[in-house]
Amino acid sequence: MEVARPEYVPDPSFSREEMEALQDDIAADAAFADDHGIDPDALRLTDTVEDEGDYDPDGGPVVVGVDQAFTDDESVSAVVAIQDGRVVARETGRAPLEIPYVPGLLAFREGRSIVTALDSLSVPADLLVLDGSGRIHFRQAGIATHVGVVFDAPALGVAKNLLCGTPRRSLDDYYREGTRIPIEATDRVSAPIGTVIGHAFQSRQYPNPEKRHVNPLIVSPGHRVSAETTVDFVEALCAGYKLPEPTRLADAAADRVK
DNA sequence: GCGACAG
DNA sequence: ATCTTGTCGC
């Protein structure tokens, strides 16, 4: 796919102030409303994705999972494209690690390898699934929003932990599979307080509440997807595991390359 | 000064 | 994220 906004490609050499200013611009250009034409049912997976296949121009929506693995000095990104339950394309990208991890500035540390990998992807992506937050971010410009706006493609973020915002119910309790808990903006987020910026989604759970319990996923809109539809998409993309299939496959691919 | 903090 | 074996629960 092609970069639509070159000026937004994350540059690790920026100062912290420049990074934050760029994020404010990106958030202003981001759309947190549905603009994709994808029916969640068209993404629904019946089983785990294991087969490879050829891209079909007349087939269903292409969902691209993105994830990273790290070595001492570089980040490795893997992107896996799925269409109608089959892997139709996969690509990798590498970039040197130039800055440390700073909460809120993740895209500047891992963004280059992602852009490189997506840039070399030959099939058109209808939806990007990033690891990390989108709108659940201090300036509403998490890595999912950042990458989505750079390519002007529908995107969403799937995280394992909450960066900011307040869940309407405690995330430490036991919830049955399918439970959705809205995450609202607080004064630390650049959105009106109370705005639903994402959800905690219980994609997987153990049967006995007394014993073990699984933590919910934290999902949020990246670009051109609403908070509600974001959960619909993630739910449709999960096939028996805690993480959605695109993310699982990208995760495995990145580790494999490393 | 204190607290909070995706991967 | 990464360094790492066994182990508990279903």
First and last nucleotide of DNA chain C, 5' to 3', lying under 4.0 Å from heavy atoms of chain A:
dA1(C) to dC10(C)
Applying a 4.0 Å non-hydrogen cut-off, can you work out what Gly104(A) is touching in the nucleic acid: base, sugar-phosphate, or nothing?
base
Residue set satisfying side chain to side chain donor-acceptor pair (under 3.5 Å) with Ser226(A), at least two apart, ordered chain then number -> Asp34(A), Thr229(A)
Those residues of residues 241-258 of chain A lying under 4.0 Å from DNA chain C by at least one heavy atom:
Asp255(A), Lys258(A)
Between CG of Asp131(A) and CG of Asp67(A), what distance do you get to the nearest 0.5 Å?
4.0 Å
With no hydrogens and no angle check, is any side-chain donor or acceptor of Thr247(A) less than 3.5 Å from a backbone partner on Gly65(A)?
no
Set of ring-ring contact (aromatic ring centres under 6.0 Å, His included) partners for Phe201(A), sequence neighbours left out
none
Only stems of 3 or more consecutive Watson-Crick or G-U pairs count here, both distances under 3.5 Å; name the ones for DNA chain B, or none.
none
Reference residue Pro244(A); test side chain to side chain contact (heavy atoms under 4.5 Å, CB included); the match among Val219(A), Leu156(A), Ile82(A), Val158(A)
Val158(A)
How would you list, by chain and number, every residue that makes a side chain to side chain donor-acceptor pair (under 3.5 Å) with Glu2(A), sequence neighbours excluded?
none
Can you establish whether the number of heavy atoms outside Asp41(A) located under 6.0 Å from its atom CG is more than 12?
yes
With a 4.5 Å heavy-atom cut-off, do Val115(A) and Val147(A) have their side chains touching?
no
List for me each residue that meets side chain to side chain contact (heavy atoms under 4.5 Å, CB included) alongside Tyr55(A), sequence neighbours excluded, and say none if there are none.
Pro57(A), Val62(A), Gln83(A), Val88(A), Val123(A), Pro124(A)
Check whether the ring centres of Phe151(A) and His146(A) lie less than 6.0 Å apart, and answer yes or no.
no
Close side-chain approach of Leu128(A) to Leu118(A), heavy-atom, < 4.5 Å:
yes
Contact nearer the 5' end of DNA chain C, comparing Asn208(A) with Lys160(A):
Lys160(A)
Decide yes or no on side-chain contact (heavy atoms from CB on, under 4.5 Å) for Ile193(A) and Glu184(A), but give the supporting numbers first.
CA-CA 7 Å; Ile193(A) 293 178; Glu184(A) 299 179 345; over 6 Å; no
Flag, side chain of Ser170(A) to backbone of Asp172(A), donor-acceptor distance under 3.5 Å
yes
Under the 3.5 angstrom rule, does the side chain of Tyr175(A) hit a backbone N or O of Ile181(A) as a donor-acceptor pair?
no
Under 4.0 angstrom, heavy atoms only, what part of the nucleic acid is Leu217(A) near: base, sugar-phosphate, or nothing?
nothing
Output the residues of residues 167-186 of chain A in contact with DNA chain C, where contact means a heavy atom of the residue under 4.0 Å from an atom of the strand; sort by number or write none.
none
Would you please name every residue forming a ring-ring contact (aromatic ring centres under 6.0 Å, His included) with His223(A), sequence neighbours left out?
none
Run the side chain to side chain contact (heavy atoms under 4.5 Å, CB included) test against Leu97(A) and tell me which residues pass, sequence neighbours left out.
Phe70(A), Ser75(A), Arg109(A)
Any protein N or O atoms within reach of nucleotides 2-5 of chain B? Criterion: under 3.5 Å, listing atom names and distances.
residue	atom	partner	partner atom	Å
dA4(B)	O4'	Arg188(A)	NH1	3.4

Could you tell me if the side chain of Thr92(A) sits less than 4.5 Å from the side chain of Ser77(A), heavy atoms only?
no
Using atom CG of Asp67(A) as one end and atom C1' of dG7(B) as the other, report the distance to the nearest whole Å.
9 Å
Check whether any side-chain N or O of Lys258(A) sits under 3.5 Å from a backbone N or O of Gln68(A) as a donor-acceptor pair, and report yes or no.
no
Whenever both distances are under 3.5 Å in a Watson-Crick or G-U wobble pair, mark it; put DNA chain C into dot-bracket that way, with [ ] for crossing pairs and | when the partner is on another strand.
..........
